[in-house]
S.K.: 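I'd like to ask some things about the structure below.
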Amino acid sequence: MLKNAFCESLLIDQNRKPSTVKAYRERLEWWERYTGKPIGEVGPDDIRRLKRERPLRTNTMKGNVVALRRFHVWGANEGHWNLNGVMNVAPPLIDDDDQLPPLPMEQVLRLLAAPRRPLEYRVVHYGLYCGTRIGESAVMEGRFWHDDGMLRFRGEKNGRMRSVPIHPGLEQVKWSICASLPTDPSTLQRVKRRIAKRERLPFVAGQLRKTFSTALYDADVPDEVVKALLGHKGDVTRVY
């Protein structure tokens with residue numbers, strides 16, 4: 001299969017890390033699920049459809065377009081096809097998530113009451129009560145819940161250990177959350193979009209994290225504590 005040959009080329013010829021190769025494979029597999037086509041048949045019209053429908057967060061969509069482009073360049077260099085119109089379609093512009101406001105209390109209460117399934121509890125309650133990124137919420141397990149009332153897990157971006165007090169609201173839905181197995185971020189993004197559509201409440205996952213940090217600041221929690229709870233290393237906490 002062309003997809004396997006491409007990944008093998010990344011690993012051996014380009015000396016990419018196995019984690020990078022895995023990420024490329026997952027992005028190409030996403031294109032196949034989205035379009036219902038073999039990856040070699042995905043073309044410029046499919047990118048235009050992606051930009052029109054916007055089924056994912058913008059930076060995720062852009063990453064998928066970049067992966068598709070690199071696959072097509074590789075295929076052209078290997079003689080499988082001529083370089084086609086994929087390269088002529090501009091990827092989506094990335095929105096500035098830092099400008100997204102925290103959710104107002106009325107929307108927070110609606111979201112907390114919205115979950116009906118374990119994965120929906122995972123999206124909403126981890127995000128609002130722990131300030132987790134979507135990738136962190138996706139891989140949470142019951143063993144991260146400790147008897148001392150702390151949730152301990154490794155941050156998605158920098159790999160640092162984070163310790164977050166277990167909020168009573170989170171404790172209340174523990175068994176609903178733990179009824180779901182760890183999953184992948186793309187699945188949780190689909191769950192998030194399902195909630196937003198059903199509740200007619202558009203939001204992005206980053207707003208849950210920002211709402212969490214804003215609540216801490218409103219409670220006069222010191223900057224260094226907020227930084228530790230969010231897993232920030234530098235001054236990026238200030239944008240929250």
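What you are looking at is a predicted structure, and each value in this text was computed from that prediction instead of being measured. Only heavy atoms go into these numbers, but all of them, side chains included; no hydrogens, no water, no symmetry mates.
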S.K.: Without hydrogens or angle criteria, can the side chains of Arg122 and Ser180 be said to hold a donor-acceptor pair below 3.5 Å?
M.R.: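 There is such a pair between these side chains.
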S.K.: From Arg70 CZ over to Leu28 CG, what is the distance, rounded to the nearest 0.5 angstrom?
M.R.: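 Arg70 CZ to Leu28 CG: 11.5 Å, rounded to 0.5 Å.
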S.K.: Under the 3.5 angstrom rule, does the side chain of Thr35 hit a backbone N or O of Val42 as a donor-acceptor pair?
M.R.: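 Answer holds: no.
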S.K.: How are the rings of Tyr34 and Trp30 set relative to one another: parallel (under 30°), tilted (30 to 60°) or perpendicular (over 60°)?
M.R.: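 Parallel.
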S.K.: Please round to the nearest 0.5 Å and tell me the distance separating atom CG of Leu10 and atom NZ of Lys22.
M.R.: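 Result: 15.5 Å between the selected atoms.
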S.K.: Look at the aromatic rings of Tyr24 and Phe6 and report parallel, tilted or perpendicular, splitting at 30° and 60°.
M.R.: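 Judged by the thresholds at 30° and 60°, the geometry between Tyr24 and Phe6 is perpendicular.
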S.K.: Could you tell me whether a side-chain N or O of Arg160 sits under 3.5 Å from a main-chain N or O of Gly155, the two making a donor and an acceptor?
M.R.: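 No: the side chain of Arg160 does not pair with the backbone of Gly155.
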S.K.: Could you tell me whether Arg117 atom CZ has more than 12 heavy atoms of other residues or ligands within 6.0 Å of it?
M.R.: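 Atom CZ in Arg117 is not crowded, with 12 or fewer foreign heavy atoms closer than 6.0 Å.
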S.K.: Show me the pairs that pass salt bridge (Lys or Arg N to Asp or Glu O under 4.0 Å) and involve residues 163-191, at least two apart or across chains.
M.R.: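 Checked against salt bridge (Lys or Arg N to Asp or Glu O under 4.0 Å) - neighbours excluded - no pair reaches residues 163-191.
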S.K.: Which atoms form the tightest heavy-atom contact between Val204 and Lys192, and what is the distance?
M.R.: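 That closest heavy-atom pairing would be CA-NZ, 4.1 Å.
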S.K.: To the nearest 0.5 angstrom, please state how far the CD atom of Gln207 sits from the CG atom of Leu103.
M.R.: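 Between Gln207 CD and Leu103 CG, I get 5.0 Å after rounding to 0.5 Å.
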S.K.: Find the distance between CG (Leu201) and CD1 (Ile195) and round it off to the nearest 0.5 Å.
M.R.: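 Separation between the atoms: 9.5 Å.
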S.K.: Report yes or no: do Met150 and Val164 belong to one cluster of Ile/Leu/Val/Met/Phe/Trp/Tyr joined by side chain heavy-atom distances under 4.5 Å?
M.R.: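 No; tracing contacts between hydrophobic side chains, which count when under 4.5 Å, never links both residues.
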